[in-house]
2 protein chains.
Amino acid sequence: MRVSGLSSISGVPVATIKYYLREGLLHRGATTSPNQARYDDTHVRRLRLIRSLVEVGGLPIATVRDVLAAVDDPDTPVHAMLGKAVYAITADTDDDQDDHHDRAVAEVEAMLARNGWHVSEHAPARRSAASVLARMHRLGQERFTAKLDDYARAAERIAEADLAPVADLQDRGDRAEAALVGTVLGDALLAALRRMAQESFSAKHFPPTTDRE
Amino acid sequence: MRVSGLSSISGVPVATIKYYLREGLLHRGATTSPNQARYDDTHVRRLRLIRSLVEVGGLPIATVRDVLAAVDDPDTPVHAMLGKAVYAITADTDDDQDDHHDRAVAEVEAMLARNGWHVSEHAPARRSAASVLARMHRLGQERFTAKLDDYARAAERIAEADLAPVADLQDRGDRAEAALVGTVLGDALLAALRRMAQESFSAKHFPPTTDRE
DNA sequence: GCATGTGGATACTGTAACTATCCGATAGTG
DNA sequence: CACTATCGGATAGTTACAGTATCCACATGC
């Protein structure tokens with residue numbers, strides 16, 4: 001298969017495929033002549049993965065390159081690769097280092113302790129959670145503090161569902177890719193489920209009279 | 001307070017504040033002279049909200065304008081405003097209309113039926129969930145189908161925690177803003193909690209020997 | 001044998017989100 | 001009251017990102 005075939009199967013324009021090749025997101029095809037190469041279904045798979053990370057996850061192309069390089073590198077442990085992806089996904093929302101931030105950090109720590117979670121001191125998710133919580137406080141939305149444990153318990157169940165199937169995978173590459181997809185696309189799936197659950201819950205407990213037109 | 005004061009309090013550059021004024025994201029200050037205006041803490045609050053939606057939620061400026069216009073308009077029902085925000089947040093990941101997509105749609109419908117959820121036929125979250133699920137299938141990640149109910153039950157608990165406090169709010173504007181922040185920043189908070197839960201669960205059930213270096 | 005397509009390099013485009021400059025007018029200081 | 005910093009508002013410029021488009025010498029396949 002050559003570029004045009006890869007393009008029509010994947011729906012990605014030829015020019016864009018060339019761009020991804022150039023940027024190192026997609027491995028080159030097997031060259032049969034100075035200006036001829038063959039692509040196979042590994043390219044199709046990879047292209048699909050790239051598009052999902054970009055379109056659903058919103059990752060910048062440069063990040064996708066780094067993450068995929070980590071996926072491909074057998075020396076990179078899976079958790080390190082995921083850390084990279086997760087760190088990339090999580091916008092580094094500059095924390096303002098004010099009272100709200102300090103309070104948010106303390107609340108996250110208290111929540112971890114209450115629930116018996118063991119999370120690295122330097123996990124980006126810690127900073128991220130505290131940063132978002134601090135923003136909520138600054139916006140006058142204090143109610144999340146009280147609900148943190150409810151969210152945490154839900155997150156626990158989700159994490160359990162996330163990890164069990166991944167642990168069964170033998171091949172390192174498969175496991176890395178599964179973890180990556182689960183993390184990035186999983187966020188989008190969960191967000192959609194949350195919306196539907198909200199709508200359903202709202203319809204059930206607040207009959208559509210005043211609030212719902 | 002004038003722009004420079006607003007700028008130093010909020011940390012947003014003057015030029016950017018002017019840009020937001022121009023684009024209609026921020027209401028103009030009370031003009032005291034042809035070229036002089038006073039800003040108050042409603043501007044500070046609004047600015048914080050804008051930055052959160054942009055930096056955490058990743059919403060485009062044009063969308064933020066539309067969403068905030070809906071928040072401000074007393075004639076827009078809260079759920080319509082939220083629908084706008086939710087629709088904006090959820091990238092319209094073009095569904096490829098193939099077998100995978102059809103199957104994903106069916107799986108989402110089955111899940112809704114099994115859990116007794118009442119969700120509008122045209123809810124964007126439906127399309128979004130199906131679209132993400134279809135992508136997972138195309139990537140060879142089938143395990144999510146089996147886990148859909150686990151995720152759904154977690155989403156139910158989250159939705160419950162989300163909605164209860166919002167229902168208490170009396171003022172329409174407060175309620176709209178609370179729902180908006182809860183939806184947009186809530187996604188980010190939940191994603192961070194999920195990461196931490198994964199790390200904690202992983203450490204607990206897969207002792208750090210082989211996989212975790 | 002010749003139109004069609006190829007890999008690869010280079011240059012260009014479009015959009016989004018600011019950022020900088022300029023203007024005449026005002027505010028607050030001394 | 002003079003005067004300098006700052007203001008609001010308009011306009012133009014910048015940067016970053018993610019592609020697109022063009023060009024080329026060469027291959028393929030009818």
Side-chain angles (χ1 to χ4, degrees), chain A residues 1-40 43 46-68 88-89 91-94, chain B residues 1-40 43 46-68 88-89 91-94:
Chain A
M1 184 199 315
R2 285 163 303 173
V3 252
S4 62
L6 187 55
S7 171
S8 62
I9 287 181
S10 63
V12 179
V14 172
T16 304
I17 294 176
K18 287 185 173 188
Y19 168 58
Y20 290 159
L21 285 166
R22 218 158 52 229
E23 294 296 314
L25 278 80
L26 189 62
H27 48 293
R28 298 233 112 105
T31 49
T32 59
S33 327
N35 72 334
Q36 217 70 186
R38 270 182 322 119
Y39 301 94
D40 54 35
H43 295 89
R46 177 51 60 98
L47 219 34
R48 278 205 271 257
L49 181 55
I50 293 169
R51 297 301 278 200
S52 285
L53 296 180
V54 168
E55 291 176 11
V56 179
L59 303 197
I61 255 65
T63 303
V64 173
R65 174 186 46 231
D66 295 348
V67 169
L68 291 181
I89 252 181
D92 39 327
T93 67
D94 50 353
Chain B
M1 186 197 315
R2 285 163 304 173
V3 254
S4 63
L6 187 54
S7 171
S8 62
I9 287 181
S10 64
V12 178
V14 172
T16 305
I17 293 176
K18 288 184 173 187
Y19 168 60
Y20 290 158
L21 286 166
R22 222 161 44 233
E23 294 297 314
L25 277 81
L26 190 62
H27 48 293
R28 296 236 115 102
T31 49
T32 60
S33 325
N35 71 334
Q36 216 72 189
R38 270 183 320 118
Y39 301 94
D40 53 35
H43 294 89
R46 178 51 61 98
L47 219 35
R48 278 204 270 256
L49 181 55
I50 293 169
R51 296 302 279 199
S52 285
L53 296 180
V54 168
E55 291 175 12
V56 179
L59 302 198
I61 255 66
T63 302
V64 173
R65 173 185 47 230
D66 295 348
V67 169
L68 291 181
I89 253 181
D92 40 328
T93 67
D94 50 352

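The figures that follow rest on heavy atoms only: side chains count, while hydrogens, waters and symmetry mates do not. Reminder, nothing fancy here: chain letters follow the sequence lines and each chain counts from 1. Keep in mind the model is a prediction, meaning the values are calculated, not measured.
Remark: the backbone N or O of A/Glu23 is paired with a side-chain donor or acceptor of A/Arg65 at under 3.5 angstrom. No donor-acceptor pair closer than 3.5 Å links the side chain of A/Ser7 to the backbone N or O of A/Val3.
Here the P atom of nucleotide D/dG13 and the NZ atom of B/Lys18 are 17 Å apart, to the nearest Å. A straight line from CG of B/Leu21 to P of D/dG9 spans 8 Å, rounded to a whole angstrom. In this entry the distance linking CD1 of A/Ile17 with P of C/dG8 reads 13 Å, nearest Å. Rounded to whole angstrom, the span from the CG atom of A/Leu59 across to the P atom of D/dG19 amounts to 12 Å. Rounded to an integer number of Å, the gap from B/Leu6 CG to D/dT6 C1' is 15 Å. Distance, A/Glu23 CD to D/dG19 P: 10 Å, rounded to whole Å. Protein atom CZ of A/Arg2 is 11 Å distant from nucleotide atom C1' of C/dG7, rounded to whole Å. Distance CG (A/Leu47) to P (D/dG19): 11 Å, rounded to an integer number of Å.
A sub-4.0 Å separation between OP1 or OP2 of C/dG7 and a side-chain N or O of A/Ser33 is absent. Regarding contacts with the backbone of C/dC18, a side-chain N or O of B/Tyr20 is found under 4.0 angstrom from either OP1 or OP2. Contact annotation: A/Thr16 does not reach the phosphate of D/dA18 (side-chain N/O to OP1 or OP2, under 4.0 Å). Between A/Ser4 and the phosphate of C/dT6, there is a side-chain N or O to OP1/OP2 separation shorter than 4.0 Å. Residue B/Arg28 places at least one side-chain N or O closer than 4.0 Å to OP1 or OP2 of D/dG9. The phosphate of D/dA21 has neither OP1 nor OP2 within less than 4.0 Å of any side-chain N or O from A/Tyr19.
Here CG of A/Leu68 is found 11.0 Å from OH of A/Tyr20. Values are rounded to the nearest 0.5 Å.
Under the side-chain hydrogen bond (donor to acceptor under 3.5 Å, both in side chains) criterion, A/Arg46 pairs with A/Asp72, not counting sequence neighbours.
Taking the side chain of A/Gln36 as heavy atoms from C-beta on, and the options C/dA20, C/dC18, C/dT6, the nearest nucleotide is C/dT6. Of the candidates C/dT6, D/dT20, D/dA18, the closest approach to any side-chain atom of A/Asn35 belongs to C/dT6.
Looking at B/Arg22, its side chain comes within 3.5 Å of the base of C/dT19 through a donor and an acceptor atom.
A/Ala37 comes within 4.0 angstrom of the backbone, heavy atoms only, and of no base.
Where B/Val54 and B/Thr32 each meet DNA chain C at their nearest nucleotide, the meeting point lying more 5' is that of B/Val54.
Between A/Arg51 and A/Thr16 there is a side-chain heavy-atom pair separated by less than 4.5 Å.
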